[in-house]
Amino acid sequence: MAANELIMHIVPLQRNTEIVTLLKSCGLSVEDLHENSRTQFFGLSSSSGLAGVIGVEHYGTYGLIRSLAVHVTFRSEGIGRMLVKHAEQWAKKQGMTELFLLTTTASGFFSRLGYTDSSRSDAPEAIQRTPQFSSLCPSSSQFMHKLISA
Ligand SMILES: CC(C)(COP(=O)(O)OP(=O)(O)OC[C@H]1O[C@@H](n2cnc3c(N)ncnc32)[C@H](O)[C@@H]1OP(=O)(O)O)[C@@H](O)C(=O)NCCC(=O)NCCS
């Protein structure tokens, strides 16, 4: 395979050091990603390593999208969008009907994918209790949601 050639197949991943390294290099929080974190990751790789990753935390019918990162080498090729779509499809299959996220950097990206601004005070309790919501993401983060049941 040529250098940096992408493997276009998205696969489920367990938290690993490659994920943590990519997230850190993109300035995203990893503090709550301990061994038994409830985050399900999905990612795709290139010949030189992990190209993109996304995580979903499952709370009954609600889900929290987090840890979306695409390696700088592979940005603007549609990978971010593919990862979000994949996470949404997986979430639907698990019975989730509404997804939430917090972002300081990518609200424009997510609004193009159908996510809309939401008030933090309207967040379901399970989402409010997540480390992302309660401590890791700054209060200036945009809180967004999307219904995925239709
Ligand atoms: C946000 C991110 C995941 C997008 O990944 P990507 O693979 O480059 O995204 P795509 O190629 O699917 O982009 C789709 C579109 O969104 C746009 N876009 C990308 N990042 C954007 C951002 N931060 N804000 C607004 N629009 C953005 C792209 O320009 C592209 O537009 P186009 O279709 O008109 O060219 C990537 O920029 C990244 O890893 N950023 C650093 C980490 C981060 O901020 N993650 C989000 C945390 S919630």
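First listed ligand is number 1; within each ligand, the first listed atom is number 1.
Comment: Lys92 does not engage Glu88 in a salt bridge, judged by the lack of any side-chain N to carboxylate O separation of less than 4.0 angstrom. Under 4.0 Å is where a charged nitrogen must lie from a carboxylate oxygen, and between Glu57 and Arg66 at least one such pair does.
If you look at ligand 1, the protein residues with a non-hydrogen atom under 4.0 Å away are Cys26, Leu28, Leu68, Ala69, Val70, Arg75, Ser76, Glu77, Gly78, Ile79, Gly80, Arg81, Leu102, Thr103, Thr105, Ala106, Gly108, Phe109, Phe110, Arg112.
Residues Phe143 and Phe133 bring their aromatic ring centres within 6.0 Å.
His58 and Gln40 are not linked by any side-chain donor-acceptor pair at a separation below 3.5 angstrom, with hydrogens and angles left out of the test.
Shown here is Glu31, whose CD atom has more than 12 heavy atoms of other residues, nucleotides or ligands within 6.0 Å.
The main-chain N or O of Leu50 is found under 3.5 Å from a side-chain atom of Glu18 such that the two form a donor-acceptor pair.
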